[in-house]
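All values below were derived from every heavy atom in this structure, side-chain atoms included, with hydrogens, water molecules and symmetry-related copies excluded. Numbering of ligands and ligand atoms starts at 1, following listing order.
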Amino acid sequence: MTATAYTPTALPGHPHVVYRHGKLFLDGVDLNALAIEYGTPLFAYSAEAILAALAAYQRGLAGRDFMVCYAMKANSSLGILRLRAGAGCGFDIVSGGELDRVLAAGGDPAKVIFSGVGKTEAEMHQALTAGIACFNVESEQELEVLDAVARTLGLRAPVSIRVNPNVDAKTHPYISTGLKGNKFGIAHEHTLQVYQRADAMPGLRVVGIDCHIGSQITREEPYMDAMDRMLDLVEAIETAGIPIAHIDFGGGLGINYDGDQPPAADQLWPRLLKQLDARGFGQRKLLLEPGRSLVGNAGVCVSKVLYLKPGEQKNFCIVDAAMNDLPRPAMYQAYHAIVPLVQNNAPASVWEVVGPVCESGDWIGHERSLAVQRGDRVAVLSAGAYCMSMASNYNSRGRAAEILVSGASTQLIRRRETSQDQLRAELGTLPLAG
Ligand code: LLP
């Protein structure tokens, strides 16, 4: 008798999320067993997927002088930062709190760049003292303040100007930041003049130029357009006698949520490098600030079905994860796939998958076809980026626990937040018993 080999089935577009004999695994870990051990809602991340996503950038840029700075706002959990730092990755930060996290995770401050439109003087002081690689400056007033803070410290702050290249991510009306109407960056036509001002300030040292045109970009053209416009500016700035040591093309590469097929980083970058070479900038140092594409599809959120509530107009499937854990649907009408942890052949019904928070906006998925019972568990996919980092305590719900999966082994990287944790920062409260 010949035994037929069993082939586990990975979910399309989610190579690390696999059904084995009807049970959902993240790499070598049975998610149901994990949820029984740690409770729900629970975030689980594949270390292999996290490192593979970084490796795709490193492959795409091989042979060039480059630095990938993980936009840690996508997921700033220390366990994930440690993994990144260990792989030689740099970090794109947007607050003093993020810098503290990088340092706590053993990251190298010399590989940190600081983005954001509203850096405070205290944050500038902190980052200058830590010795970060570059400030991405977004306004003339910010330049003046940074110059003053650096001079009081007897330092020269390394700066890039963030340019708003006025490029539309076109077919993708998601999160666009590179258009004239956005609050970000300095208008393309004023850039040269701002560089001349920066160059004349004694507390500053011009080191680069920066842009970031938006997020969840699934096409190549917006990058091509932005690159062309950035290189025009580099030519103009250098002709005016100000050398630009590095060019930062920002982040923004999309991931698969709902069958999206963005180019892979190791395919996109060789094509962009051709354009860079053709314009004679192939040897220039390149910086990138990817966030979502480095972690988004590495994570899932496991949640339990609390109640089924069939109705006349809609059927509600109430799960224990909510908008405080998974804010993207409520904030951006975002789609996240939802799949059962155990496959069964029962007939499916169409559900509005919602959380327990007291808001009609607290939904996780509309019109999802699922065969589920009370007590079953589901996984919300593509939950590695902009979920836990945007989680809140709304409704005084403790934030979820997080697990890092490596092959078949697991590591608790954040324990579930307790009410004690939540009360700790508030004054005038009595300690809870126990
Ligand atoms: N650099 C800068 C200056 C940024 O503002 C951002 C993201 C990134 C890099 C990283 O972009 P990514 O590679 O992750 O697309 N919460 C929203 C996304 C907000 C993105 C904000 N900026 C969401 O959940 O879709």
(message) Less than 4.0 angstrom from a charged side-chain N to a carboxylate O is my criterion; do D421 and R416 meet it?
(response) no
(message) Need the ligand 1 atom indices (1-based, order shown) with element for anything under 4.0 Å from a heavy-atom of S215.
(response) 11 (O), 12 (P), 14 (O), 15 (O), 20 (C)
(message) With a heavy-atom distance limit of 4.0 Å, tell me whether E289 approaches ligand 1 through its side chain, its backbone, both, or neither.
(response) both
(request) Please name the pair of heavy atoms, one in R151 and one in P202, separated by the smallest distance, quoted to 0.1 Å. (result) CD-CG, 3.6 Å
(message) So, regarding M390 and ligand 1 (criterion: nitrogen or oxygen to nitrogen or oxygen, under 3.5 Å), is there a contact or not?
(response) no
(request) Within a distance under 4.0 Å of any heavy atom of P290, pick out the atoms of ligand 1 and give their elements. (result) 13 (O)
(request) Check whether any N or O atom of S293, backbone or side chain, sits under 3.5 Å from an N or O atom of ligand 1, and answer yes or no. (result) no
(request) Please work out whether the ring planes of F91 and Y70 are parallel, tilted or perpendicular, with thresholds of 30° and 60°. (result) perpendicular
(message) Taking 4.0 angstrom as the limit and counting only heavy atoms of G251, give me the atoms of ligand 1 inside it, by number and element.
(response) 13 (O)
(message) Under 4.0 Å from a heavy atom of R292: which atoms of ligand 1 are those, numbered in the order shown and with their elements?
(response) 12 (P), 13 (O), 14 (O), 18 (C), 23 (C), 25 (O)
(message) For ligand 1, which is the ligand I care about here, please tell me if G252 has any N or O atom under 3.5 Å from one of the ligand's N or O atoms.
(response) yes
(message) Among Y386, Y332, F249, which one puts a heavy atom closest to atom 14 (O) of ligand 1?
(response) Y386
List the atom pairs, with distances to 0.1 Å, where a side-chain N or O of residues 46-55 and a protein N or O form a donor-acceptor pair under 3.5 Å, not counting sequence neighbours.
| from | atom 1 | to | atom 2 | distance (Å) |
| --- | --- | --- | --- | --- |
| S46 | OG | D27 | OD2 | 2.6 |
| S46 | OG | E48 | N | 3.4 |
| S46 | OG | A49 | N | 2.8 |

(request) Verify the distance criterion only: is there a donor paired with an acceptor across the side chains of S392 and N324 at less than 3.5 Å? (result) no
(request) Any side chain to side chain donor-acceptor pair (under 3.5 Å) involving residues 348-362? Give me the pairs, sequence neighbours left out, ordered by first then second residue. (result) E352-H366, E359-Y394
(message) Quick check on Q343: does its CD atom have over 12 non-hydrogen neighbours (other residues, nucleotides or ligands) under 6.0 Å away?
(response) yes
(request) For the pair E142 and R162, find out whether any cationic side-chain nitrogen is under 4.0 Å from an anionic carboxylate oxygen. (result) no
(request) Return the option from H212, R328, E138, M331 holding the heavy atom at the smallest distance from atom 8 (C) of ligand 1. (result) H212
(message) In this structure, does ligand 1 have an atom that sits under 4.0 Å from one of the heavy atoms of G250?
(response) no
(message) Test of understanding: given a 4.0 Å heavy-atom threshold, classify the contact between R162 and ligand 1 as side chain, backbone, both, or neither.
(response) side chain
(message) Taking 4.0 angstrom as the limit and counting only heavy atoms of A71, give me the atoms of ligand 1 inside it, by number and element.
(response) 8 (C), 9 (C), 10 (C)
(message) I'd like to know whether R377 forms a side chain to side chain donor-acceptor pair (under 3.5 Å) with T40, so could you lay out the CA-CA distance, the side-chain angles of the two residues, the decisive distance to 0.1 Å, and finally the verdict.
(response) CA-CA 9 Å; R377 296 183 184 87; T40 50; 5.2 Å; no
(request) Select one of side chain, backbone, both or neither to describe which atoms of N136 lie under 4.0 Å from any atom of ligand 1, heavy atoms only. (result) neither
